[in-house]
Amino acid sequence: MTFAIVVGTQWGDEGKGKVVDYYAAQADIVVRYCGGANAGHTIVSGGRKFAFHHVPSGVLYPEKINIIGNGVVLEPKKFFEELGQLDAVGIKPNIKISPRVHLVMPYHVAQDGAEEGRKGALAAGTTKRGIGPCYSDKAARFGIRVGELLQPELFREKLHTMHTLKVKLLKEVYGVDFTQSEDEICKLYTEYGKRLAPFVADTGEILSDALSKKKQVLFEGAQATMLDIDHGMYPFGTSSNTSAGGACTGSGIGPTAIDEVIGVVKVYTSRVGAGPLPTELNDATGQAIRDKGGEYGTTTGRPRRIGWLDLPTLRYAAHVNGLTGLAFTRLDTLSGMQKVQVCTHYELDGKKLLIPPASYTDIARCRPIYKSFAGWDDIGADKWRACAKGGMKSLPARAQAYLKFISGEVRVPIYVIGVGAGREDTIVLKEVFSKKA
Ligand code: GDP
Ligand code: IMO
Ligand code: MG
């Protein structure tokens, strides 16, 4: 029996979806525990490409239970769109949604856009999916939960209070006319409620039962450590606890249940949205990596900012999450370069920093200090795939040296190495679940 968390160690888009899809093959249950439709998790399986925003990345295995835990915020429209896309290719996933999940309402989306417009230099460049306003309402105890959609009178009453308040807020503070009427939203969401009802289940109970029956459970992180509301680069992150602790609070399981925490590490840095990025490459090298890796946001299509790998961030992620293993991705993307750099530490006001400071204004002043590595050749897709079978020792020697250096610096062993986007392009050094017959 294993309960394992897969978590992003950087600024998101590390390749969590791919790693979850790999380990999910041996899991009984896959659980999303944070975020909402801001996430974009890409899986390439059997030559087909899927991008998931709401549904857990275990859905490609129809026999698995896929849980949307209480820490998630759900936008029903997007959720049903995603189910429709899966249905169109013959996939009917087994999804269970916690009644404690908060609903993203149309006024949250309007509020997200309006607030971003007023934040000036403090705007994080959100995905405009209403994430911040929805979590704000949750914390302020104004939120509407999935379970309440199933109680029409309570839903109507809460909607009335919130709609009146939000129309006024949007108009009088932000100068935005929010024209969708209460009746219209009530009708739309009541319909969603009917469609959501078959999915709603006590997901905490399912997990507690799984624990007592010694099942294998995989928790799928969305976003990443540096986007965490508490531990990330505030305010340039998202609004939920995206790091490993969030897997417990966002699903209803105690920390003693967790056996493994796998940190997904892209072998360089990428970032969508605003905020300081110490190792950013605003040059031809950055552009070349972006082009080669097709580094454009899965959710918004925005070009991702690119930088060298940042060890201070990774050391920090190792202790914030309690990482037990590393899953490297994109070794193939970083190939074919003469020289590859890694930021080993920062310098700030004459001091050497091994982890990032708490304040973004200090991070912005940090000078990244680099160690250079000789690059490794791009051996081509077929040979990369062959490495997936041959194991780590079949990788170019310089690539092995690069990965071993990083793992040594953060003192976390390597579990996985990604050498391509496909499920088959994966070198696995450690399975976290016992293989089933
Ligand atoms: P997530 O949000 O962490 O799940 O990551 P995204 O799906 O947003 O972005 C990661 C991208 O990298 C996707 O397009 C994946 O298909 C791709 N990917 C993941 N691992 C690898 C890898 O090892 N090599 C290559 N070339 N692509 C990868
Ligand atoms: P996955 O799960 C990368 C970023 C946004 C913005 C900030 C806040 O695919 O790794 P939000 O809409 O959450 O209020 O935006 O966080 N962001 C992500 N960046 N990958 C993601 O998810 C992200 N989810 C949010 O760009 O800077
Ligand atoms: Mg993504």
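In listed order, ligands and their atoms are each counted from 1.
Shown in contact with His41 at under 4.0 Å from a heavy atom are these atoms of ligand 1, numbered in order with element: 1 (P), 2 (O), 4 (O), 7 (O). Near Thr126, meaning under 4.0 Å from one of its heavy atoms, ligand 2 places the atoms 6 (C), 11 (P), 12 (O), 14 (O), 15 (O). Counting atoms of ligand 2 from 1 in the listed order, those under 4.0 Å from a heavy atom of Leu227 are 16 (O), 17 (N), 18 (C), 19 (N). Taking every heavy atom of Arg271 and a limit of under 4.0 angstrom, the matching atoms of ligand 2 come to 27 (O). Less than 4.0 angstrom separates some heavy atom of Arg304 from each of these atoms of ligand 1: 8 (O), 9 (O). Heavy-atom proximity to Val419, at under 4.0 Å, picks out these atoms of ligand 1: 23 (O). Distances below 4.0 Å separate heavy atoms of Gly17 from the following atoms of ligand 1: 4 (O). Contact atoms of ligand 2 toward Lys16: 1 (P), 2 (O), 10 (O) (distance under 4.0 Å to a heavy atom of the residue). Numbered from 1 in the order shown, with element, the atoms of ligand 1 that lie under 4.0 Å from a heavy atom of Gly40 read 1 (P), 2 (O), 4 (O), 6 (P), 7 (O), 8 (O). Shown in contact with Gly40 at under 4.0 Å from a heavy atom are these atoms of ligand 2, numbered in order with element: 1 (P), 9 (O). Numbered from 1 in the order shown, with element, the atoms of ligand 2 that lie under 4.0 Å from a heavy atom of Ala124 read 6 (C), 27 (O). Within the listing of ligand 1, atoms 23 (O) sit less than 4.0 angstrom from a heavy atom of Gly418.
Side chain of Thr426 to backbone of Gly418: no donor-acceptor contact under 3.5 angstrom is found. Judged by distance alone, the side chain of Gln400 and the main-chain N or O of Lys393 form a donor-acceptor pair under 3.5 Å. A donor-acceptor pair is defined here as one N or O able to donate and one able to accept, closer than 3.5 Å; no such pair exists between the side chain of Tyr107 and the backbone of Gln180. For the pair Lys158 (side chain) and Gly143 (backbone), a donor-acceptor distance under 3.5 Å is present.
Between Val272 and ligand 2, at least one pair of N/O atoms sits closer than 3.5 Å. In terms of N/O distances under 3.5 Å, ligand 2 is not approached by Ala222. Geometrically, ligand 2 and Asp13 share a nitrogen or oxygen pair separated by less than 3.5 Å. The shortest N/O to N/O separation between Glu14 and ligand 2 does not fall below 3.5 Å. Between Lys128 and ligand 2, no pair of N/O atoms sits closer than 3.5 Å. Between Lys266 and ligand 1, no pair of N/O atoms sits closer than 3.5 Å. Here's the thing with Arg302: one of its N/O atoms is less than 3.5 angstrom from an N/O atom of ligand 2. Distances between N or O atoms of Asp112 and those of ligand 2 include no value under 3.5 Å. For a threshold of 3.5 Å applied to N or O pairs, the pair formed by Thr329 and ligand 1 contains no separation below that value.
For the pair Arg330 and Tyr268, the cation-pi test (distance below 6.0 Å, angle within 45°) is failed. Both the sub-6.0 Å distance and the 45° axial angle are not jointly satisfied by Lys18 relative to the ring of Tyr22. Within the cation-pi definition used here (under 6.0 Å to the ring centroid, within 45° of the axis), Lys64 qualifies as a partner of Tyr61. Stacking of Lys171 on the aromatic ring of Phe178 is not recorded, the 6.0 Å distance cut-off and the 45° axial limit not both being met.
Atom 13 (C) of ligand 1 has Thr42 CB, 3.6 Å as its closest protein atom, hydrogens excluded (heavy atom only). Looking only at protein heavy atoms, the nearest one to atom 8 (C) of ligand 2 is Gly237 O, 3.1 Å. Scanning the protein heavy atoms around atom 13 (O) of ligand 2, the nearest turns out to be Thr238 OG1, 2.6 Å. In terms of protein heavy-atom proximity, atom 12 (O) of ligand 1 is nearest to Arg330 NH2, 2.9 Å. Looking at atom 10 (C) of ligand 1, its nearest protein heavy atom turns out to be Asp13 O, 3.7 Å. Shortest contact from atom 23 (C) of ligand 2 to any protein heavy atom: Gln223 CG, 3.7 Å. Regarding atom 16 (O) of ligand 1, its nearest protein heavy-atom neighbour is Ala421 CB, 3.6 Å. With respect to atom 12 (O) of ligand 2, the closest heavy atom belonging to the protein is Thr127 OG1, 2.5 Å.
For the residue pair Glu431/Tyr415, the side-chain donor-acceptor check at 3.5 Å is not satisfied. In summary, the side chains of Asp228 and Ser243 do present a donor paired with an acceptor at a separation below 3.5 Å, with no hydrogens or angles considered. For Ser335 and Asp377, the side-chain atoms include no donor-acceptor pair closer than 3.5 Å.
Counting heavy atoms under 4.0 Å from ligand 1, residue Lys18 touches it through the side chain alone. Residue contacts with ligand 2, taken as heavy atom pairs separated by less than 4.0 Å, involve Trp11 solely via the backbone atoms N, CA, C and O. The side chain of Asp332, and not its backbone, has at least one atom closer than 4.0 Å to an atom of ligand 1 (non-hydrogen atoms only; side chain from C-beta on). With a 4.0 Å heavy-atom cut-off, ligand 1 is reached by the side chain of Thr333 but not by its N, CA, C or O.
When each of Arg304, Arg271, Arg302 is tested with Asp13 by the rule salt bridge (Lys or Arg N to Asp or Glu O under 4.0 Å), just one qualifies, namely Arg304.
Aromatic pair Trp376/Tyr402: centroids less than 6.0 angstrom apart. Here the two rings, on Tyr360 and Tyr234, have centers that are 6.0 Å apart or farther.
Distances shorter than 4.0 angstrom occur between a heavy atom of Gly420 and an atom of ligand 1. Under the 4.0 angstrom criterion for non-hydrogen atoms, Arg129 is not in contact with ligand 2. Contact between Gly8 and ligand 2 is absent, with no heavy atom of the residue lying under 4.0 Å from the ligand.
Counting heavy-atom neighbours within 6.0 Å of Lys168 NZ, excluding the residue itself, gives a total of 12 or less. No more than 12 heavy atoms of other residues, nucleotides or ligands sit less than 6.0 Å from atom CD of Gln338. Under a cut-off of 6.0 angstrom, the local environment of NZ in Lys292 is crowded, with over 12 non-hydrogen atoms contributed by other residues, nucleotides or ligands.
Put simply, the side chain of Leu218 reaches to within 4.5 Å of the side chain of Val20, judged on heavy atoms.
The aromatic rings of Phe219 and Phe3 are tilted relative to each other, their planes meeting at an angle between 30° and 60°. Classified by interplanar angle (parallel below 30°, tilted 30° to 60°, perpendicular above 60°), the ring pair Tyr192/Tyr189 is perpendicular.
Checked for salt-bridge contact, Glu409 and Arg315 meet the test: a charged N lies under 4.0 Å from a carboxylate O.
Here the shortest heavy-atom distance to atom 1 (P) of ligand 1, taken over Glu220, Lys292, Lys16, belongs to Lys16. With Gly125, Gly273, Pro235, Gly297 as candidates, the residue nearest to atom 5 (C) of ligand 2 on a non-hydrogen basis is Gly125.
At least one N/O/S atom of Gly40, from backbone or side chain, sits under 2.8 Å from the Mg ion (ligand 3).
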When you look at Trp11 and Arg305, which way does the side chain to side chain contact (heavy atoms under 4.5 Å, CB included) test go after all the steps?
CA-CA 10 Å; Trp11 278 266; Arg305 297 159 68 192; over 6 Å; no
